[in-house]
Protein chains: 2
Amino acid sequence: MDIILESTNTRMAGEERRRQILHKAMQLFSNKGFSGTTTKEIAAAAGVSEATVFKHFANKDELYSAILDHKACARSLPSPFEALAEKAAAKDDFGVFYTMAYNAITHHSEDCAFLRLMLHSALEDHDLARTFFDSFVTKVYEFLSEYIRSRQQDGAFRDVEPRIAVRAFTGMFIQHSLNNILWDKEQKLLKISNEDAAREFALILLQGIKK
Amino acid sequence: MDIILESTNTRMAGEERRRQILHKAMQLFSNKGFSGTTTKEIAAAAGVSEATVFKHFANKDELYSAILDHKACARSLPSPFEALAEKAAAKDDFGVFYTMAYNAITHHSEDCAFLRLMLHSALEDHDLARTFFDSFVTKVYEFLSEYIRSRQQDGAFRDVEPRIAVRAFTGMFIQHSLNNILWDKEQKLLKISNEDAAREFALILLQGIKK
DNA sequence: AATGCGAAAGTAAGTGCTTACTTACCACAG
DNA sequence: CTGTGGTAAGTAAGCACTTACTTTCGCATT
């Protein structure tokens, strides 16, 4: 019924076919979860037989792991801390928080499969998702709370526990993304551009913790 | 393996048994999702045969619907707006936002099955979950944004779009609950009492939007 | 109080279909 | 003629759900 057949009849290089199966599987897992997706659907979506799927991946679990590995590698290191570090060095409070929120919201709206996958694997208690979360989110908390602490010493921010402020701030934009992806897809409750959302969230937080 | 057999050997009144099956099914759906839970498991958890489950519920979908109906009825109407309305009438800004956050966080930490169920059904795009969300969350947004608007007219709050402030605030405490339930169960990132969390979130928001 | 009985509570043992995964075999480029 | 990419046709287990049957209870009539 919702099986999308992709007629990629030609013979492919092993690595290429592997990536293609992985990609289709990711879309399906993201939409329907692990136990809600069948290997038959994955095969059909990739335009190959089920047997071919099992040629490239030993079993369904390994497929899932490969996706999370790939996602974790592709997403954790590159973007978020380079641009932030220089804004932090310049004590550009608004720049730091705006950029953080804007990057996250944009990333989520462009790749909502990622957030859905994280939720599915968190609910299913798949440990690779937790691994990703632990390493990446921990870094965000460390970076932002360290920045807040240093600005408190400058006398710029009032005396809040920095991690509470980080929880509040990340809550704003993650929940915003979750809302748009899960519950309020047509944005009936609140329609707002990514820029505006990031700006308003940053302004509320900064005014909320300033001295 | 994780089938918990409950030896309720005795014959039960129809309504009672129905509620018991519903309750066990809810725990299982909440932990493992709809497609991740088998009717066999539900039957075993309730200590009856599979056939008995199907005596009480026509099919698996109806079981799921019954749970969401029950949850929606039990949760939507009673608590949140009575205590809030009088605080709102008294223009007790802190009281309004603190109570909102505290009630939500407490409810989530006492009944985390509910949040998990909401997430599962949102991810699986089950429309009864959306129905609940639409009616309940819409009310929260209307109530809080109307309160903010009125306080803006009093000159107490600055000129933010009220719904953005509501998004920011609800984001803080919902994400806080999500964190504690899904990713950071041991609260390694941030360990804080429900009272402290609600207070700090309310303070950040109020300072963040005051004039 | 004992009896008989209809309806409700409950089940063992299936049904046919779907699932994840395998086997045994083919096509063809180097 | 070999190794790699690919498949048709399985298989056994698991799935939601049914059938045909037994047990137990409440209660009206003797």
Side-chain angles (χ1 to χ4, degrees), chain A residues 1-26 28-29 31-68 120-121 124 126, chain B residues 1-26 28-29 31-68 120-121 124 126:
Chain A
M1 27 188 80
D2 44 12
I3 294 173
I4 302 135
L5 192 78
E6 186 131 314
S7 52
T8 336
N9 299 321
T10 48
R11 182 183 162 130
M12 266 188 189
E15 194 55 31
E16 195 183 349
R17 178 68 74 188
R18 192 187 145 92
R19 267 204 305 277
Q20 194 220 358
I21 293 170
L22 213 62
H23 180 241
K24 293 292 177 184
M26 200 206 70
L28 287 165
F29 285 148
N31 281 327
K32 322 177 40 162
F34 181 72
S35 56
T37 302
T38 66
T39 52
K40 194 176 176 180
E41 285 174 319
I42 294 168
V48 295
S49 70
E50 251 186 294
T52 300
V53 171
F54 287 101
K55 272 269 160 76
H56 288 275
F57 301 91
N59 51 44
K60 204 183 164 188
D61 271 297
E62 199 187 89
L63 235 179
Y64 197 55
S65 302
I67 287 167
L68 294 173
H120 267 122
S121 52
E124 286 165 357
H126 220 280
Chain B
M1 27 190 76
D2 44 9
I3 293 172
I4 301 134
L5 192 78
E6 185 132 315
S7 52
T8 335
N9 299 321
T10 49
R11 182 187 160 126
M12 267 189 188
E15 194 55 31
E16 194 182 350
R17 172 82 0 134
R18 191 187 145 93
R19 267 203 306 276
Q20 193 220 359
I21 293 170
L22 212 61
H23 181 240
K24 294 290 178 186
M26 199 206 71
L28 287 165
F29 284 149
N31 280 328
K32 322 177 41 162
F34 181 71
S35 55
T37 303
T38 66
T39 52
K40 195 177 177 181
E41 285 173 319
I42 294 169
V48 295
S49 69
E50 250 186 294
T52 300
V53 171
F54 286 102
K55 271 268 160 77
H56 288 275
F57 301 91
N59 51 44
K60 205 182 163 190
D61 271 298
E62 199 187 90
L63 235 181
Y64 197 55
S65 302
I67 287 168
L68 294 174
H120 267 123
S121 52
E124 287 165 356
H126 219 283

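Residue numbers start from 1 in every chain, and the chains themselves are labelled A, B, ... in the order their sequence lines are given, proteins ahead of strands. Values below: every heavy atom of this structure, side chains too, minus hydrogens, waters and symmetry copies.
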Nearest listed nucleotide, side chain of [X], among [options]:
X	options	answer
Arg17(B)	dG10(C), dT18(D), dT7(D)	dG10(C)
Ala51(A)	dC21(C), dT18(D), dA8(D)	dA8(D)
Lys55(B)	dG6(D), dT11(C), dC17(D)	dT11(C)

To the nearest Å, how far apart are [X] [atom1] and [N] [atom2]?
X	N	atom1	atom2	result
Glu50(A)	dA12(D)	CD	P	17 Å
Lys60(A)	dT18(C)	NZ	P	16 Å
Glu62(B)	dC17(D)	CD	P	10 Å
Asn59(B)	dA16(D)	CG	P	11 Å
Gln20(B)	dA9(C)	CD	C1'	13 Å
Ile21(B)	dT11(C)	CD1	P	9 Å
Phe57(A)	dA20(C)	CZ	C1'	16 Å
Lys40(B)	dT19(C)	NZ	C1'	14 Å

Using a 4.0 Å heavy-atom cut-off across all strands, classify Thr38(A) as base, sugar-phosphate, or nothing. sugar-phosphate

At 4.0 Å (heavy atoms only), tell me whether Ser35(A) reaches a base, stays on the sugar-phosphate, or touches nothing.
nothing

Closest non-hydrogen contact found for Leu28(B) with Thr37(B) is O-OG1, 3.3 Å

Please work out which of the three classes, parallel, tilted or perpendicular, describes the rings of Phe29(B) and Phe34(B), given edges at 30° and 60°.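 The arrangement is tilted - the two ring planes meet at 30° to 60°.
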
OP1 or OP2 of [N] under 4.0 Å from side-chain N/O of [X]:
X	N	answer
Thr52(A)	dG5(D)	no
Thr39(B)	dA16(D)	yes
Ser49(A)	dG6(D)	no

| said: Closest-nucleotide mapping onto DNA chain C: is His56(B) or Ala58(A) further toward the 5' terminus? I mean the 5' end. | reply: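 Looking at DNA chain C, the more 5' nearest nucleotide goes with His56(B).
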
TODO: Give, for atom OG1 of Thr39(B) and atom NZ of Lys60(B), the distance between the pair rounded to the nearest 0.5 Å.
DONE: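 Thr39(B) OG1 to Lys60(B) NZ: 7.0 Å, rounded to 0.5 Å.
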
Carboxylate-amine/guanidinium contact Lys32(B) Glu41(B), below 4.0 Å =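 Looking at Lys32(B) and Glu41(B), the cut-off is met.
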
Any side-chain to backbone donor/acceptor pair from Glu62(A) onto Ala58(A)? Under 3.5 Å, distance only. yes

